[in-house]
Amino acid sequence: GNSVTQMEGPVTLSEEAFLTINCTYTATGYPSLFWYVQYPGEGLQLLLKATKADDKGSNKGFEATYRKETTSFHLEKGSVQVSDSAVYFCALSDPLSRGSARQLTFGSGTQLTVLP
Amino acid sequence: GAVVSQHPSWVICKSGTSVKIECRSLDFQATTMFWYRQFPKQSLMLMATSNEGSKATYEQGVEKDKFLINHASLTLSTLTVTSAHPEDSSFYICSASSGPNTEAFFGQGTRLTVV
């Protein structure tokens, strides 16, 4: 079946540090890939996505590139801020669900804390 | 993006009682809604998928008689936790989609505590 493996946290960084959160996946076919962010006490918000190989998703300074050869979608940000502290989830959409609403498979989440 | 509202955001109930959680799409018609459960410091586990006007499809291991899902309109789905027990305490999140191959938008979640 489909699966998403995420770098275990928690991750603690100083403000303006470089961030990488690793994500690899297993799926049959060609899934779409997503990063979601969850702030304390809130639901999930879509951060960025990529729908095909070599696509780069980007938003709010975060980037991730869909690498089919390594089945990876690592999240990066060049300079993190305190406000980036949250839990980050990597996810994929079921390629078998084409023609129906997307069903997402999530990674375990990575807690990021950015210190001033 | 589209807005999905979940209510209540938190609820405390006694063991043996039932609790209803609502998920509403505010500015679009949601033909499909998903219900997830999230344990502390863990990922989201899909519980069930509901399509408007039809019965929900439950994931393996999810008790359909305990977690009743109703999706009676294109803007509202409800999850009722029946005869709640402390082990049902969790964070429940819904998401809604307007059609095939479209993005699903998430509600803000409901923290359920059963005492």
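Proteins come first, then strands; the chains are lettered A, B, ... in the order of their sequence lines, and each starts at number 1.
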Looking only at B/Gln6, B/Gln108, B/Met45, B/Arg111, most heavy-atom pairs under 4.5 Å shared with chain A are made by B/Gln108

Check whether B/Val115 and B/Val81 end up in the same hydrophobic cluster, where Ile, Leu, Val, Met, Phe, Trp and Tyr are linked by side-chain heavy atoms less than 4.5 Å apart.
-> no

Are B/Tyr92 and B/Val11 co-members of a hydrophobic cluster defined by side-chain heavy atoms under 4.5 Å apart?
-> yes

Give a yes or no answer on whether the side chain of B/Ser43 reaches the backbone of A/Gly107 with a donor-acceptor pair at less than 3.5 Å.
-> yes

Give a yes or no on whether B/Leu68 and B/Leu112 share a hydrophobic cluster (residues Ile, Leu, Val, Met, Phe, Trp, Tyr; joining criterion: side-chain heavy atoms under 4.5 Å apart).
-> no

Toward chain B, the part of A/Phe89 with a non-hydrogen atom under 4.5 Å = side chain

Relative to chain A, which segment of B/Leu44 carries a heavy atom at a distance below 4.5 Å: side chain, backbone, both, or neither?
-> both

Are any non-hydrogen side-chain atoms of B/Ile93 and A/Gln38 less than 4.5 angstrom apart?
-> yes

If two hydrophobic side chains count as joined below 4.5 Å and joins carry through other members, does B/Tyr36 share a cluster with A/Phe34?
-> yes

Segment of A/Leu46 engaging chain B (4.5 angstrom heavy-atom cut-off) = side chain

For atom CD of A/Glu15, is the number of surrounding heavy atoms from other residues, nucleotides or ligands below 6.0 Å larger than 12?
-> yes

Under a 4.5 Å heavy-atom cut-off, does chain A meet the side chain of B/Gln38, its backbone, both or neither?
-> side chain

Does NE2 in B/His7 sit with more than 12 non-hydrogen atoms of other residues, nucleotides or ligands closer than 6.0 Å?
-> no

Same apolar cluster: A/Leu112 and A/Met7, side chain cutoff 4.5 Å | yes

Taking side chain as C-beta onward, heavy atoms only, is B/Phe106 less than 4.5 Å from A/Leu104?
-> yes

Part of A/Tyr36 lying under 4.5 Å from any heavy atom of chain B | side chain

